[in-house]
Trainee: 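Attaching a single structure in structure tokens format; questions to follow.
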There are 2 protein chains.
Amino acid sequence: MDVKTLCLGLLSIREACGYDLKKTFESSFKHFFPAGYGSIYPALADLAEAELVNCREIPQVGKPDRKVYRITEAGELAFLKALNRTEPQHKLRSEFLATIYFADRIDDTRLADLLDARVEKLRESIEDISACIDDESPGASFVAGFGAVVAEAAARYIESHRHMLVGTDNQEKDIHIKVVTG
Amino acid sequence: MDVKTLCLGLLSIREACGYDLKKTFESSFKHFFPAGYGSIYPALADLAEAELVNCREIPQVGKPDRKVYRITEAGELAFLKALNRTEPQHKLRSEFLATIYFADRIDDTRLADLLDARVEKLRESIEDISACIDDESPGASFVAGFGAVVAEAAARYIESHRHMLVGTDNQEKDIHIKVVTG
DNA sequence: TTAGGCATGTAAAGTGTTACATGATTTG
DNA sequence: CAAATCATGTAACACTTTACATGCCTAA
């Protein structure tokens with residue numbers, strides 16, 4: 001599933017313009033499926049060309065015409081088909097973890113900053129996500145809940161295991177501490 | 001941090017050929033930074049051209065020459081510099097969650113399959129990861145522990161909240177269940 | 001005898017990110 | 001008066017993914 005398909009899915013809920021979709025991405029998808037204008041606008045153009053959506057242009061003063069896209073029947077079908085296609089992926093790409101992997105090459109101050117910054121971001125995103133946990137559909141709620149729980153687990157892990165990497169006392173760094181998963 | 005930099009980092013631990021690096025990616029980075037031959041071989045070629053690594057060709061019978069790469073001093077410096085550059089990203093892109101977001105458009109059987117498949121994958125990756133939790137460096141252990149804990153949280157969430165989406169009794173689907181994060 | 005491991009790579013296609021370009025109105 | 005919001009898009013770049021291409025050796 002690419003940005004194009006996701007746009008189609010959102011348009012199957014309600015009609016919208018590119019700008020609206022971007023806001024939806026920001027509020028509901030940011031933490032697991034980010035997309036910017038550079039993906040959304042071309043996606044809409046493609047969908048329109050394939051006649052999976054219609055476009056109605058609403059003139060405005062002082063702004064570009066607002067292009068409101070509405071899904072077509074062909075679009076509905078295409079979306080349902082996409083929803084049933086092949087096992088959906090779930091991919092993480094973490095420069096953060098890759099960096100931490102080499103913790104022994106990073107000085108304590110920098111390392112502490114990295115860990116703190118990540119925890120802070122996680123806490124922020126938990127705030128964001130919690131705001132839409134009571135969202136429109138069960139699916140939206142489930143996904144938001146998932147994000148919140150996973151982020152919470154990540155933050156807690158970092159806080160409770162940071163001693164493995166950064167010690168107030170520098171000697172701790174050389175002690176090989178047994179990690180217990182649970 | 002891209003695949004190129006990660007290869008450089010791995011070569012700063014020990015010399016290796018592309019094939020070896022791929023195996024390391026599979027065993028240690030797969031769950032948070034996947035990479036295939038199509039990324040690794042070009043990365044090595046680039047690193048060699050930039051003289052951040054040297055290459056020694058070892059002739060073999062019945063196989064292509066084994067090209068063993070070893071990091072140079074310039075490479076070590078470049079890697080340390082990369083490790084200290086800008087806040088590292090941590091990006092998730094989940095077609096799975098995007099699909100589940102539209103759960104109300106998916107029939108119960110398919111939905112149950114999706115959830116089951118994901119839980120199974122998570123359990124598998126927990127197995128994988130646990131195997132390298134006592135790895136060489138504190139950083140490697142920390143990262144493995146992180147992966148295991150987060151995957152466990154994800155699996156548990158799916159199991160304990162699947163009733164939000166899939167009901168043995170189909171009526172449950174329409175009841176809007178309040179999600180509690182904790 | 002067949003599957004899997006060892007070992008290299010290229011080329012094209014697909015996708016997303018970032019930066020650029022424009023500009024009025026509203027809010028603090 | 002500055003910053004944010006509304007509103008569109010393109011173009012270049014970066015990067016990864018996938019498919020292709022080759023071929024021997026070993027273990028089950």
Trainee: Determine the contact category for B:Val61: base if any of its heavy atoms lies under 4.0 Å from a base atom, sugar-phosphate if only primed atoms, P, OP1 or OP2 are that close, otherwise nothing.
Mentor: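 Counting heavy atoms under 4.0 Å across all strands, no contact is made by B:Val61.
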Trainee: Tell me whether the OP1 or OP2 atom of C:dT15 has a side-chain N or O from B:Arg93 closer than 4.0 Å.
Mentor: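 No, because none of the side-chain N or O atoms of B:Arg93 sits under 4.0 Å from OP1 or OP2 of C:dT15.
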Trainee: Quick check on salt bridge (charged side-chain N to carboxylate O under 4.0 Å, His left out): which of A:Lys121, A:Arg162, A:Arg123, A:Arg110 does A:Asp116 satisfy it with?
Mentor: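 So the option named by the test is A:Arg162.
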Trainee: Salt bridge or not between A:Lys81 and A:Glu76? Use side-chain N to carboxylate O under 4.0 Å.
Mentor: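 No.
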Trainee: In whole Å, I'd like the distance from the NZ atom of A:Lys91 to the P atom of D:dC15.
Mentor: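 That distance rounds to 17 Å.
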Trainee: For the pair made of CG in A:Asp2 and C1' in D:dT16, what is the distance, rounded to whole Å?
Mentor: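 After rounding, the reported distance stands at 15 Å.
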Trainee: I need the CZ-C1' distance between B:Phe25 and D:dT17, as an integer number of Å.
Mentor: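 To the nearest whole Å, that distance equals 15 Å.
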Trainee: NZ of A:Lys4 versus P of C:dG16: gap in Å, rounded?
Mentor: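 So the NZ-P distance, A:Lys4 to C:dG16, works out to 10 Å.
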Trainee: Roughly how far, to the nearest 0.5 Å, is the CG atom of B:Leu47 from the CG atom of B:Leu11?
Mentor: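 So the CG of B:Leu11 and the CG of B:Leu47 are separated by 7.0 Å.
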Trainee: Is the shortest distance from a Lys or Arg side-chain nitrogen in B:Arg56 or B:Glu15 to a carboxylate oxygen in the other one below 4.0 Å?
Mentor: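 Here B:Arg56 pairs with B:Glu15 in a salt bridge, since their nearest N and O are under 4.0 Å apart.
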Trainee: What is the distance from CE of A:Met1 to C1' of C:dT15, rounded to the nearest Å?
Mentor: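 Roughly 16 Å, once rounded to whole Å.
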Trainee: From CD of B:Gln89 over to P of C:dG16, roughly how many Å is that when rounded to an integer?
Mentor: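 To the nearest whole Å, that distance equals 17 Å.
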Trainee: To the nearest angstrom, how far is A:Ile58 atom CD1 from D:dT8 atom P?
Mentor: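 Rounded to the whole Å, the gap is 10 Å.
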Trainee: Do A:Ile106 and B:Leu80 belong to the same hydrophobic cluster, where Ile, Leu, Val, Met, Phe, Trp and Tyr are linked whenever their side-chain heavy atoms lie under 4.5 Å apart, directly or via other members?
Mentor: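 The answer is yes; both residues are in one hydrophobic cluster.
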Trainee: Validate the cation-pi geometry between B:Lys22 and B:Tyr37: distance from NZ or CZ to the six-membered ring centre under 6.0 Å, angle to the ring axis within 45°.
Mentor: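 Yes, B:Lys22 sits over the ring of B:Tyr37.
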Trainee: Generate the contact string for nucleotides 1-14 of chain C. Rules: B means base contact, S means sugar-phosphate contact only, - means no protein heavy atom under 4.0 Å.
Mentor: ----SBBBB-----
Trainee: Could you tell me how far apart A:Lys22 (NZ) and D:dA4 (P) are, to the nearest whole angstrom?
Mentor: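 Those two atoms, NZ and P, are 14 Å apart.
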Trainee: May I ask you to evaluate whether A:Ser39 reaches the phosphate of C:dT17, defined as a side-chain N or O under 4.0 Å from OP1 or OP2?
Mentor: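 So the side chain of A:Ser39 is within the cut-off, an N or O lying under 4.0 Å from OP1 or OP2 of C:dT17.
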Trainee: With A:Val143, which of A:Phe33, A:Phe29, A:Phe32 fulfils side-chain contact (heavy atoms from CB on, under 4.5 Å)?
Mentor: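 Exactly one pass, corresponding to A:Phe32.
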